[in-house]
Amino acid sequence: MRLSKVLLIMLCALLAAVPAFAQEETFATCQMPEGSESLYITEASGLQAPQGLEEMYALILDTNNLSDVYITRMRYGRALASISCTTAAGPGTVEDLLALWPEAADLIAKNVNFINNSASCAGVDTAFGYDALVIRTDIAVGEENMVLLEAQCAAFYNGPDLIEVWTLLPAESAYLYDEQAAAELQSDRADLEAFIASLNFPPYEDAQEE
């Protein structure tokens with residue numbers, strides 16, 4: 001079970017669009033870091049994965065067909081974000097989302113080498129100005145050369161729409177013996193943090209009035 005399918009299968013969910021992701025309605029706005037690119041999911045299969053990160057790309061690219069999903073790749077391709085929106089998935093509560101974490105972790109575990117499924121990995125917090133399910137966990141992928149990934153998610157309701165933001169990148173320990181890859185990861189990590197910090201999701205009522 002891929003990341004962007006998990007909550008949808010159990011609730012009927014997923015995430016939004018960005019300003020550069022122009023649609024008839026603006027689900028979100030953002031600032032794109034230099035060298036990054038964002039593509040709608042149907043076009044994102046052409047994104048080139050750095051050697052060894054093919055499974056990371058497969059994990060974030062396998063999505064459901066009920067949501068608008070955009071994939072953002074940082075400059076060196078070592079950090080990814082998935083932003084999606086499922087309309088009319090709610091109403092619901094953040095407590096409903098939190099209750100799904102154990103089952104969500106079990107579903108993800110079926111398609112990866114390892115996932116930290118501890119209850120402490122998920123909780124209720126504020127994200128993008130909304131009460132949200134916030135997940136911070138570690139995932140290991142790869143058959144021959146296993147890579148440890150840092151995965152984060154913020155999922156919340158904006159009116160009846162369920163928004164979900166996933167980020168995925170290798171842990172710093174993945175490149176202990178590769179200085180160039182380590183430097184690229186550090187750059188992509190900084191860009192990813194700036195990108196996520198720039199995301200803004202207008203309240204549903206305001207978006208409807210525009």
By the definition side chain to side chain contact (heavy atoms under 4.5 Å, CB included), identify the one residue from Val165, Asp125, Leu97, Leu98 that meets it with Val134.
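With Val134 as partner, side chain to side chain contact (heavy atoms under 4.5 Å, CB included) holds for just one option, Asp125.
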Pair Glu150 + Arg189, salt bridge at N-O below 4.0 Å
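Counted as a salt bridge, because a side-chain N and a carboxylate O are separated by less than 4.0 Å.
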ILVMFWY network linking [X] to [Y], side-chain heavy atoms under 4.5 angstrom:
{"X": "Leu185", "Y": "Leu47", "answer": "yes"}
{"X": "Leu39", "Y": "Leu168", "answer": "yes"}
{"X": "Met146", "Y": "Tyr57", "answer": "no"}
{"X": "Val124", "Y": "Tyr130", "answer": "yes"}

Sub-3.5 Å donor-acceptor pair from the side chain of Ser36 to the main-chain atoms of Arg75, do we have one?
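Answer holds: no.
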Quick check: does any side chain N or O of Asp138 sit under 3.5 Å from a backbone N or O of Leu148, one acting as donor and the other as acceptor?
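Between the backbone of Leu148 and the side chain of Asp138 there is no qualifying donor-acceptor contact (under 3.5 Å).
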If we ignore angles and hydrogens, is there a donor and acceptor under 3.5 Å between the side chains of Tyr157 and Asp96?
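No.
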Does the plane of the ring in Phe156 sit parallel, tilted or perpendicular to the ring in Phe128? Use 30° and 60° as the thresholds.
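Tilted.
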Can you find a heavy atom in the side chain of Thr29 that is under 4.5 Å from one in the side chain of Leu199?
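The answer is no, as the side chains (C-beta and beyond) never meet within the 4.5 Å cut-off.
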Does any non-hydrogen side-chain atom of Ile135 lie less than 4.5 Å from one of Gln152?
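With C-beta onward as the side chain, the pair stays apart.
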Taking only residues two or more places apart in sequence, or in another chain, which ones meet Phe114 in a ring-ring contact (aromatic ring centres under 6.0 Å, His included)?
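Once residues adjacent in sequence are excluded, Phe114 has no partner under the ring-ring contact (aromatic ring centres under 6.0 Å, His included) criterion.
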Quick one: closest heavy-atom pair of Tyr40 and Ser67, and the distance?
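Looking at all heavy atoms of both residues, the shortest contact is OH-O, 4.1 Å.
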If you count the non-hydrogen atoms of other residues, nucleotides and ligands that lie under 6.0 Å from CD in Glu172, is the total more than 12?
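Check fails, neighbour count at 12 or below.
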